[in-house]
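This chain uses plain numbering: 1 for the first residue, then up along the sequence.
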Amino acid sequence: MTGIEIPLQSEKKLHYRLFEILPGALTWTILTAPFWLSLIAPTITALIIIAFFLLWLVRAIGLNIRVLQGYRMMQTQIKLDWAKMLDDITDPKDTYNREFPKWHNDIKKRLIEKEPMIAPDEIIHAVFIAAYNEGVEVLEPTIKAVLASDFDSKKMILVMAYEGRDGAQSKTAVQAMIKKYANKFMEALAYEHPLTEGEVRGKGGNITYAGRQLQKYLKSKQIDPLKVMVTTLDSDNRPHKSYFSALSYVVAATPDPVRVSYQPIPMFTNNIWDVPAPMRVIATGNSFWNIVLSLRPHVLRNFASHAQSMKALIDTDFWSTRTIVEDGHQYWRSYFKFEGKYEVYPLYIPIYQDAVLSSNYRKTLKAQFIQLRRWAWGASDVAYVADKAFFSKNKISKTDKIFKFLRLLEGHVSWATAPIILAFAAFVPLLLNPDNYTANQLPLIASRIQTVALVGIFVTFFLSIKTLPPKPKRYKSHKSIFMVLQWVLLPVTTIMFNAMAALVSQTRLMLGRYLDNFDVTDKVVKK
């Protein structure tokens, strides 16, 4: 397959437009189904709703188990001395080292038998930091976090990709950071992305422009792109100190790192003490969901900060410049470019990010909704995947294509429908059929199922406290109490923000009102 770019509006065929409509059409059909089904067959409708509640009870139990497993895995991986293990496989000897896990010795043995595609000591990291309006107070902590890594910063290339369009104001701050920290890195580069015709106003165009400039730089220095791993960071992202060593280790252990991207765990905890309660609930929930996804590699996709070989990026012509969700879309772009021979490997090392915080409460609520709406715009990939999988020539297994498409579609439809159905559907048959026995019993049955599901909230309580960073000195001890009480807002935030954001995105896509502007989330630093 050659053409992997999202088609322009003028290039979209009828089938593409129909698949753009599909997520929203399914979502609205499901949301209205309790009403029109209750008028036709109230008893059957009530039984279907009960089955739906039971299905989500099982899912809730599974998610709670997964988040505990994932958290334990992350804590185990954080405690490993990745820098030392990386040294151990750089010049591997056929000796068993009891200091490290058994799987490390197995990997070392395999690397002795067969040399890795990229030797551990040859790996260079290109660290992209994308900026729009962020100042020094946001950018500098991110650069400091990169430098605090236990990996040699002299084998890192810092790439500051900042916008030059629409009055963006990061140029002064970026230039100051380059001047201050250039001598700490192998090289520090800054590229200003110009307003470019045919691109949506988004991060994809920014980092793609920087990527193409880095390609020229590597060629001038005769550096093999195969040996360069690119990590993309937002301006507020702070990698754990073991991230680059762990990434280098896993890359060296990967048989073909060109066909793999590496996904650390985004944790929205940088400023968790500072943001309003609804944002804390949403941020914590998003962090937990990322932990769960790390244990489900068959559905894992690139999200926010991720790493990919520079060679793979060149092969895919970098990121798409025609979507505002370039991170998740990059998975599909690579999947079709490499004819289905492409995977995402979880990296159980966190990259800490900011929860949403603007200059006042109202703006913060609005910014949070806009962020979630942007994430939910990933529903636009449904049409893209259908087009490339079923209407374009490729060598990908038909079964693999079908299951990946169905998982993508189901995920977005459930995002928009499940919270609303679970909250309100049990009352609809009773409202329309007050004399029907099953309809009368439905709210009680639903309530009991939800009560059982609420047991899982204790897992959330426990982990939300465990994952909190140290409380800033400016807050008194009673602040910790609100960190627990905030969870009464969970039903409200799930419906009003998560579900409604997905519903708005899918409805806009269905109506052809495309989101073609990346609304940058405010990065306010509270002091």
Side-chain angles (χ1 to χ4, degrees), residues 14-15 17-64 299 376 378-380 382-383 385-386 390 399 402-457 490-512:
L14 176 61
H15 72 265
R17 183 72 190 107
L18 291 175
F19 277 104
E20 286 185 333
I21 294 171
L22 181 60
L26 283 175
T27 289
W28 280 108
T29 300
I30 291 170
L31 290 177
T32 58
F35 293 93
W36 49 266
L37 280 177
S38 293
L39 296 174
I40 300 170
T43 301
I44 294 176
T45 304
L47 293 174
I48 291 173
I49 292 172
I50 291 171
F52 184 85
F53 272 70
L54 290 172
L55 170 65
W56 277 93
L57 172 63
V58 173
R59 280 193 169 190
I61 294 170
L63 287 173
N64 278 290
V299 295
S380 60
V382 169
V385 172
F390 309 125
T399 302
I402 291 172
F403 274 100
K404 277 186 166 55
F405 172 78
L406 291 177
R407 286 192 191 106
L408 176 66
L409 179 62
E410 187 276 333
H412 281 283
V413 171
S414 293
W415 186 348
T417 59
I420 298 173
I421 294 293
L422 292 171
F424 303 114
F427 301 97
V428 175
L430 175 61
L431 178 67
L432 298 179
N433 303 276
D435 296 328
N436 184 281
Y437 175 77
T438 309
N440 273 272
Q441 294 300 307
L442 179 57
L444 179 62
I445 296 171
S447 176
R448 288 177 177 172
I449 294 174
Q450 289 174 330
T451 300
V452 175
L454 280 174
V455 174
I457 203 72
L490 181 60
V492 177
T493 58
T494 303
I495 294 170
M496 297 305 297
F497 286 90
N498 294 78
M500 292 305 297
L503 185 59
V504 168
S505 283
Q506 291 176 30
T507 303
R508 289 182 66 109
L509 184 62
M510 183 171 64
L511 299 176

| said: Check this for me, if you would: do Glu410 and Lys404 make a salt bridge, where the nitrogen-to-carboxylate-oxygen distance has to be below 4.0 angstrom? | reply: no
| Full working for side-chain contact (heavy atoms from CB on, under 4.5 Å) between Trp415 and Thr27 | CA-CA 9 Å; Trp415 186 348; Thr27 289; over 6 Å; no
| said: Restricting to non-hydrogen atoms, name the atom on Asn440 and the atom on Pro443 that form the minimum distance, rounded to 0.1 Å. | reply: O-CD, 3.5 Å
| request: Return the minimal non-hydrogen interatomic distance between Pro23 and Gln506, and the atom names on each side. | output: O-OE1, 3.2 Å
| note | For Pro34 and Ile421, the nearest pair of non-hydrogen atoms, with its separation, is CG-CD1, 4.1 Å
| When you measure from the side chain of Ser414 to the backbone N and O of Gly411, does any donor-acceptor pair fall under 3.5 Å? | no
| task | Give the intermediate values and the outcome of side-chain contact (heavy atoms from CB on, under 4.5 Å) for residues Phe424 and Ile495. | result | CA-CA 11 Å; Phe424 303 114; Ile495 294 170; 4.2 Å; yes
| request: Give, for atom NE2 of His15 and atom CG of Leu22, the distance between the pair rounded to the nearest 0.5 Å. | output: 13.0 Å
| field | Ala426 to Ala446 - nearest heavy-atom pair and separation | value | CB-CB, 3.7 Å
| said: Walk me through whether Trp36 and Thr29 qualify under side-chain contact (heavy atoms from CB on, under 4.5 Å). | reply: CA-CA 10 Å; Trp36 49 266; Thr29 300; 4.1 Å; yes
| task | Using modelled atom types only, decide if a donor and an acceptor are shared between the side chain of Thr493 and the backbone of Leu490 within a distance under 3.5 Å. | result | yes
| request: Step through the shown structure and confirm whether more than 12 heavy atoms of other residues, nucleotides or ligands are within 6.0 Å of CZ on Arg448. | output: no
| message | Contact between Val413 and Leu409 at the side-chain level, heavy atoms closer than 4.5 Å - yes or no? | response | yes
| task | Count the heavy atoms belonging to other residues, nucleotides or ligands that lie under 6.0 Å from CZ of Phe405, then report whether that count exceeds 12. | result | yes
| field | Taking every non-hydrogen atom, the tightest pair across Ala425 and Ile49 | value | O-CD1, 3.5 Å
| query | Do any N or O atoms from the side chain of Thr45 and from the backbone of Leu37 form a donor-acceptor pair under 3.5 angstrom? | reply | yes
| request: Establish, from distance only, whether the side-chain atoms of Asn436 and Thr43 form a donor-acceptor pair under 3.5 Å. | output: yes
| Shortest non-hydrogen separation from Phe35 to Val428 and the atoms involved | CD2-CG1, 3.7 Å
| Do Thr438 and Pro42 come within less than 4.5 Å of each other through their side chains, counting heavy atoms only? | no
| query | Does the side chain of Thr417 come within less than 4.5 Å of Leu26's, by heavy atoms? | reply | no
| said: Would you say that more than 12 heavy atoms from the other residues, nucleotides or ligands in this model lie under 6.0 Å from the CG of Leu18, or not? | reply: yes
| CA sep, side-chain torsions, deciding dist, call: Leu39, Leu432, side-chain contact (heavy atoms from CB on, under 4.5 Å) | CA-CA 7 Å; Leu39 296 174; Leu432 298 179; 4.1 Å; yes
| query | What distance do Ile449 atom CD1 and Leu454 atom CG have between them, rounded to the nearest 0.5 Å? | reply | 12.0 Å
| message | Could you tell me if the side chain of Leu430 sits less than 4.5 Å from the side chain of Leu442, heavy atoms only? | response | no
| task | Could you tell me whether the side chain of Arg17 and the main chain of Met510 form a donor-acceptor pair under 3.5 Å? | result | yes
| message | Quick check on Phe403: does its CZ atom have over 12 non-hydrogen neighbours (other residues, nucleotides or ligands) under 6.0 Å away? | response | no
| task | Would you kindly say whether Trp28 and Thr507 are connected by a side-chain donor-acceptor distance under 3.5 Å? | result | yes
| Can any side-chain N or O of Gln441 pair as donor or acceptor with the backbone N or O of Ala46 at less than 3.5 Å? | no
